[in-house]
Number of protein chains: 2
Amino acid sequence: MVKDRKDVENAEQRIFDAAVGVFLEKGYDGARMQEIAERAGINKALLHYYYRSKERLFKQVFVSLLSGMISNLSNALEGSMSFEEKLYIFSREYIGFLQHNPQMPIFLLNEIRLHPQLLAEAAREMNLPQILKMYRDEIFHALGNKNLDDMQQLHSIVNIISLLVFPVAAQPVIQMIFNIDNDTYSRFLNERKTIVPNAVLQIIE
Amino acid sequence: MVKDRKDVENAEQRIFDAAVGVFLEKGYDGARMQEIAERAGINKALLHYYYRSKERLFKQVFVSLLSGMISNLSNALEGSMSFEEKLYIFSREYIGFLQHNPQMPIFLLNEIRLHPQLLAEAAREMNLPQILKMYRDEIFHALGNKNLDDMQQLHSIVNIISLLVFPVAAQPVIQMIFNIDNDTYSRFLNERKTIVPNAVLQIIE
DNA sequence: GTCTATAACAGGATAGAC
DNA sequence: GTCTATCCTGTTATAGAC
């Protein structure tokens, strides 16, 4: 089980990596087992040998993407900084992550929309509730110092996420409507790494 | 061509209505011509008689949904009210519309993501550029009075749309994470009809 | 473990009767 | 216009050799 040679990645892992790519690009319904096999450089039959069915393979990919996204970001919230500091770091990290994975938000939201039970199942397989509880406690605690009631705290959190995620998720539409080239849009997103926390703090105060 | 009897809607229209429902629920790849035919109460062959192919039927549905959404909302921007007044009305109308069509944002964004050329084609078939130019002029003009440069204006517009759309689009995820029941979430969205314009004005000033 | 071959069926599309 | 029957391809999944 020596794995230090990355260029000789085993078949199971290559299949999984290929599946991540294909499912992300095409969605569950649009993805083809044939294409996953081709990208992994192996035969279709081997997919079923390792993962039994398309559905089971997809669920593993889905959980992996969702939990990867969440655990990546929870790092930004750890430590003993002030709420303001955490907000700036979180905004920078989150937009940075999304810039490297622009397809993920719509992919995840759409698959959840199509298969609502996915979210509950995924939550069971990863320790999602626990991680999210940490998020909530962390954020609510920070916001609690601002004398906001429960509903106001929820508005604040949703405001932050909305301002960070949507501009990346809707990039193609926004670029098309306002006729913006890629470089300009990239600058636009980079600016938001500080503009969003600024705006959020302004709203709360 | 008498059409005053709505209960005797002709086959072509019934097919189209059924197609809207199925495509919205399942997406292009997940939708089945068979199911559209069943919901329309006619046979599969008749789908092809009227619409030739699944792809052509889908394009008409897509354009209809996109242009319906846009033209509905442009009403809110007409008239000679102040920017502040328009902002409040627009926020109320937009969230209200989304509450009745919660599936639409993710459906549209995902189909555009899967088929980037859809947006350009749809723009050609409807008078999208013209409508959007009206939007832009209207909004930029209003924001222009606030002494904002181009990039700041773009941030403002994207902020508004993000704060309005995302909380509806991501409703299932947000409800699950924060353990919120439907009634509470509905109140939450209603509150945002005034909270969002308040916040936006606060950011701009 | 990995392959080839094929089963089994679903789904879009068309032919042709009425 | 509307239907039934059918074609034909693509797709998941499995059987079985190596």
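Quick note on labels: first sequence line is chain A, next is B, and so on, each numbered from 1.
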A.B. asks: Could you state the atom-to-atom distance from OH of Tyr50(A) to P of dT14(D) in whole Å?
C.D. replies: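 Checked: the OH to P distance equals 17 Å.
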A.B. asks: Which listed nucleotide (dC3(D), dA13(D), dG11(C)) is nearest to the side chain of His48(A)?
C.D. replies: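 Looking only at side-chain atoms, His48(A) lies closest to dA13(D).
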A.B. asks: Heavy atoms only, 4.0 Å cut-off, all strands: where does Ala31(A) land among base, sugar-phosphate and nothing?
C.D. replies: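 Counting heavy atoms under 4.0 Å across all strands, the contact made by Ala31(A) is with sugar-phosphate only.
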A.B. asks: Over how many whole Å does the gap from Asn43(A) atom CG to dA13(D) atom C1' extend?
C.D. replies: 12 Å
A.B. asks: Expressed as a whole number of angstroms, how long is the span from Gln34(B):CD to dA13(C):C1'?
C.D. replies: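 Atom-to-atom, Gln34(B) to dA13(C), this comes out as 13 Å.
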A.B. asks: Measuring only between side-chain heavy atoms, which start at C-beta, is Leu154(B) closer than 4.5 Å to Ile180(A)?
C.D. replies: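 Yes, side chains in contact.
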A.B. asks: What is the distance, rounded to the nearest whole Å, between atom CZ of Phe58(B) and atom C1' of dG11(C)?
C.D. replies: 17 Å
A.B. asks: From the list dG11(C), dT14(D), dT12(D), which nucleotide is the closest neighbour of the side chain of Lys54(A)?
C.D. replies: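 The closest nucleotide is dT12(D).
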A.B. asks: Counting neighbours of CG on Asp149(B) that are heavy atoms of other residues, nucleotides or ligands and sit closer than 6.0 Å, is the number greater than 12?
C.D. replies: yes
A.B. asks: Rounded off to whole Å, could you give me the CE-to-C1' distance for the Met33(B) and dG10(D) pair?
C.D. replies: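 The answer, rounded to whole Å, is 17 Å.
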A.B. asks: Using the side-chain heavy atoms of Ala45(A), tell me which of these nucleotides is nearest: dA13(C), dA15(D), dC3(D).
C.D. replies: dA15(D)
A.B. asks: Side chain of Tyr49(B): nearest nucleotide among dC3(D), dA13(D), dT2(D)?
C.D. replies: dT2(D)
A.B. asks: Side chain of Leu46(A): nearest nucleotide among dG1(D), dC3(C), dA15(C)?
C.D. replies: dC3(C)
A.B. asks: Checking contacts here: which listed nucleotide (dT11(D), dG12(C), dA15(C)) is nearest the side-chain heavy atoms of Arg32(A)?
C.D. replies: dT11(D)
A.B. asks: Within the 4.0 Å heavy-atom criterion, would you say Leu47(A) contacts the bases, only the backbone, or no part of the nucleic acid?
C.D. replies: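 No contact.
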A.B. asks: Just wondering, more than 12 heavy atoms not from Glu55(B) lying within 6.0 Å of its CD?
C.D. replies: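 It does not: Glu55(B) CD has 12 such atoms or fewer within range.
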A.B. asks: Can you check the Glu38(B) CD to dT4(D) P distance for me, whole Å?
C.D. replies: 12 Å
A.B. asks: For the pair made of CD1 in Ile15(B) and C1' in dC3(D), what is the distance, rounded to whole Å?
C.D. replies: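 My rounded result for the distance is 13 Å.
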A.B. asks: If I take atom OH in residue Tyr28(B) and atom C1' in nucleotide dG11(C), what distance separates them, rounded to the nearest angstrom?
C.D. replies: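 Checked: the OH to C1' distance equals 11 Å.
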A.B. asks: Does Tyr185(A) have its ring centroid less than 6.0 Å away from the ring centroid of Phe188(A)?
C.D. replies: yes
A.B. asks: Could you tell me whether the side chains of Asn182(B) and Arg187(B) share a donor-acceptor contact shorter than 3.5 Å?
C.D. replies: no
